[in-house]
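Notes for the one structure printed next.
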Amino acid sequence: MTSFQFAPDRRTRIAGRFFARVRRELQKAFLEGKADHGLTQAKLARKLGVDRAVVCRQLAGTANITLRTLADYAWAMDRDLVLSMPKHDGGANNYAAPEDSVPTTVPADPIPALDSQQPDNSPSCEDEFVMAVAA
Amino acid sequence: MHVVPKQRMIAKGRVSATRQLLTQNATRSPLTYMATLTKLVAAGVVVRINVELDGKLTWRELYAYPAGGQPHYAIDWITKTLPKLASSAIGAEDTPEEQLYGLLALYATGERLNLGEMYKPLQPHAAGVWELRTVDVRIFGWFHRRDCFIAVFADETERCHKHRLHAGYRREVVRLRDAIDLDIPKFIVGVHEDDVLSIRA
């Protein structure tokens, strides 16, 4: 065996990507708030009217988050929520990188622009949620 | 023209000392016989993991030790143990399989991963051992180069904490990495995002 295909069923894939993105965006927004103006879990908890342990668990992903909770986090961190659900085009997988190659270009701005989260005409759009917490 | 066999030339000292030294080094120096990752894949020493991305392009590379090794070798664990973990042991809404797939999909497509939350270097950093992290899953391995992670072991987060397995996994990763014939430098030492990952535009 020279390669291994990690391909759970599509339902798992959509859920996996969605949860990972939501968690990443939430953590990223918090870390940016921490770096920019000293946001802490305690401050966030006070603003949301919950215990700090709840915020800690939710940011770590060990407690469930409802849509209401997500919206409250966006409010508490002075962010907007962007959610889209583009159509899936059924595109086949395409492994572009040869085995011994490395990407050679690094974008100047590593943080994707907010517009890049919007549905576009690219051939790789999916019928899944894409979520971002926008500043 | 009279052709002198090579062995007789060496025996008679008619091959230069430099040439003999080069010949010896070709079989002794690790710099000359260590293999590229591609050769190790062809030889079955490591296996490339292709993450199903539903049409998106692969940006970062992912390799692992092959199945049939130990239960906690990454591929064995992903194929045999992970599907049986029906729900999160720690309380997350998504299953461990969804968590790992989500993380590897973000990794493979070149998206930003939160350092510390989704991947982090293990102490001591000089060992160059990293873990990919989800709420319920830990993958231990090293970055052979930027955007190229070699996964060695996988385990449940709760088990790692309960039995304090991090140091043991770190030592085993180093031991296995030392034993593998891979181009030097075998691994990246770093602690920052830019050290090991580039971000797709």
Rounding to 0.5 Å, atoms CD (Glu52(B)) and OG1 (Thr12(A)) come to a distance of 12.5 Å

Under the side chain to side chain contact (heavy atoms under 4.5 Å, CB included) criterion, do Phe6(A) and Ile75(B) qualify, and how do the steps go? CA-CA 9 Å; Phe6(A) 185 37; Ile75(B) 290 181; over 6 Å; no

Heavy-atom closest pair, residues Pro8(A) and Tyr101(B): CD-CD1, 3.6 Å

Give the C-alpha distance, both sets of side-chain angles, the deciding distance and a yes or no for side chain to side chain contact (heavy atoms under 4.5 Å, CB included) between Arg13(A) and Leu53(B). CA-CA 8 Å; Arg13(A) 297 201 302 272; Leu53(B) 298 175; over 6 Å; no

How long is the span from the CG atom in Leu115(B) to the CG atom in Leu31(A), to the nearest 0.5 Å? 9.5 Å

For side chain to side chain contact (heavy atoms under 4.5 Å, CB included), just list the numbers for Phe18(A) and Glu98(B), CA-CA rounded to whole Å, side-chain angles, deciding distance to a tenth of an Å, and then say yes or no. CA-CA 9 Å; Phe18(A) 176 63; Glu98(B) 289 169 344; over 6 Å; no

Contact between Glu117(B) and Arg23(A) at the side-chain level, heavy atoms closer than 4.5 Å - yes or no? no

At a 4.5 Å cut-off on heavy atoms, which part of Leu62(B) comes close to chain A: side chain, backbone, both, or neither? neither

How close do Gly61(A) and Ala92(B) get, counting heavy atoms only, and between which atoms? O-CB, 3.2 Å

Toward chain A, the part of Leu104(B) with a non-hydrogen atom under 4.5 Å: side chain

Using a strict cut-off of less than 4.0 Å between a Lys/Arg side-chain nitrogen and an Asp/Glu carboxylate oxygen, indicate whether Arg24(A) and Glu111(B) qualify as a salt bridge. yes

With heavy-atom distances below 4.5 Å as the criterion, would you say the side chains of Asp54(B) and Arg17(A) are in contact? yes

Pick whichever of Leu100(B), Asp194(B), Thr109(B) has the most heavy-atom pairs under 4.5 Å with chain A. Leu100(B)

Using a 3.5 Å distance criterion without hydrogens, assess whether the side chain of Asn64(A) forms a donor-acceptor pair with backbone atoms of Glu93(B). yes

Hey, which of Thr134(B), Leu103(B), Ile49(B) has the most heavy atom pairs under 4.5 Å with chain A? Ile49(B)

Do the non-hydrogen side-chain atoms of Thr2(A) and Arg48(B) ever get within less than 4.5 Å of each other? no

Have a look at Asn114(B) and tell me which of Glu25(A), Gln27(A), Lys28(A) forms a side-chain hydrogen bond (donor to acceptor under 3.5 Å, both in side chains) with it. Gln27(A)

Steps toward side chain to side chain contact (heavy atoms under 4.5 Å, CB included) verdict (Ile78(B), Phe4(A)): CA-CA 10 Å; Ile78(B) 288 169; Phe4(A) 166 72; 4.0 Å; yes

